[in-house]
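Everything on this sheet refers to the single structure shown next.
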Amino acid sequence: MYAIVDISGQQFKVSKDDTIVAFRIQGEEGADVEFDKVMLLSSDKGTSVGAPFVEGAKVTATIVDHKKGKTVIVFKKKRRKGYRVLNGHRQPLTTLQIKEISG
């Protein structure tokens, strides 16, 4: 059984006991979160495709930890003007462990 679910604006294909890394989700480590924006639900009985979401389907996950992603360097320059700007960005991320898919 698997599902395609919208988490923090991104789409993930998840199954039971999968571990995924998504954009930061509010909550404490060890807390359970539910996602009801399930776009596709596939099981032994068949496949349900939502328009846009499958009614009554949800995915339950546990927050494993919060962390930051790799540094992305942003460098801007305008030639012959003496303009140079160097910035870095680290995206806050959350690691999730999928517990249950219900539909």
Side-chain angles (χ1 to χ4, degrees):
M1 177 179 227
Y2 70 91
I4 296 179
V5 62
D6 184 341
I7 301 173
S8 298
Q10 295 178 303
Q11 296 177 12
F12 294 94
K13 179 182 177 183
V14 297
S15 319
K16 190 176 185 308
D17 298 327
D18 278 354
T19 302
I20 61 171
V21 178
F23 291 147
R24 179 63 56 96
I25 296 172
Q26 298 298 321
E28 297 292 324
E29 294 182 7
D32 289 343
V33 289
E34 291 184 353
F35 304 104
D36 57 353
K37 292 184 177 180
V38 178
M39 299 177 179
L40 182 134
L41 185 64
S42 179
S43 63
D44 298 336
K45 298 175 185 175
T47 303
S48 300
V49 179
F53 305 116
V54 178
E55 293 292 327
K58 66 179 179 178
V59 174
T60 306
T62 302
I63 297 176
V64 177
D65 69 340
H66 297 292
K67 60 184 178 180
K68 288 186 176 182
K70 292 184 178 180
T71 303
V72 177
I73 302 297
V74 179
F75 182 71
K76 298 178 182 180
K77 179 181 177 182
K78 294 186 180 178
R79 62 184 187 151
R80 296 187 303 270
K81 305 297 180 196
Y83 175 77
R84 296 188 318 177
V85 176
L86 177 67
N87 286 319
H89 176 74
R90 294 183 71 188
Q91 183 70 34
L93 302 171
T94 300
T95 305
L96 298 168
Q97 177 78 32
I98 305 300
K99 286 176 51 177
E100 180 184 8
I101 299 173
S102 62

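Each residue takes its place number in the sequence, starting with 1.
- Across all their heavy atoms, Gly88 and Thr71 have their closest contact at CA-CG2, 4.5 Å.
- Here NE2 of His66 is found 11.0 Å from CG of Leu93. Values are rounded to the nearest 0.5 Å.
- We find the NZ-CD1 distance between Lys37 and Ile4 to be 16.0 Å, quoted to the nearest 0.5 Å.
- No path of Ile, Leu, Val, Met, Phe, Trp and Tyr side chains, each step under 4.5 Å between heavy atoms, connects Met39 with Met1, placing them in separate hydrophobic clusters.
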> Hey, mind stepping through Phe35 and Lys58 against side-chain contact (heavy atoms from CB on, under 4.5 Å) and telling me if it holds?
Replying inline: CA-CA 6 Å; Phe35 304 104; Lys58 66 179 179 178; over 6 Å; no
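- Of the possible polar contacts, none joining the Arg90 side chain to the Lys70 backbone as a donor-acceptor pair under 3.5 Å is found.
- Checking each of Thr95, Thr94, Ile7 against Ile20 for a side-chain contact (heavy atoms from CB on, under 4.5 Å) leaves exactly one that passes, namely Ile7.
- A donor-acceptor pair under 3.5 Å links the side-chain atoms of Gln97 to the main chain of Asp17, judged by distance alone.
- Grouping the Ile, Leu, Val, Met, Phe, Trp and Tyr side chains by contacts below 4.5 angstrom, directly or via other members, places Val54 apart from Val49.
- Taking OG1 of Thr62 as the reference point, atom CD of Glu100 lies at 10.5 Å (rounded to 0.5 Å).
- Rounding to the nearest 0.5 Å gives a distance of 8.0 Å between CZ of Phe12 and CG of Leu96.
- Using a 4.5 Å heavy-atom cutoff, the side chains of Lys13 and Asp18 are not in contact.
- Within the model, atoms CD1 of Ile101 and OG of Ser15 stand 6.0 Å from one another, a figure rounded to the nearest 0.5 Å.
- Cluster membership for Val14 and Phe53, using ILVMFWY side-chain heavy atoms within less than 4.5 angstrom, is not shared.
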>> Determine whether Gln91 and Val72 satisfy the following criterion, side-chain contact (heavy atoms from CB on, under 4.5 Å), listing intermediate values before the conclusion.
In response: CA-CA 9 Å; Gln91 183 70 34; Val72 177; over 6 Å; no
>> Set out, in order, the CA-CA distance, both residues' side-chain angles and the distance that settles side-chain contact (heavy atoms from CB on, under 4.5 Å) for Ile25 and Ser8, then state yes or no.
In response: CA-CA 7 Å; Ile25 296 172; Ser8 298; 3.7 Å; yes
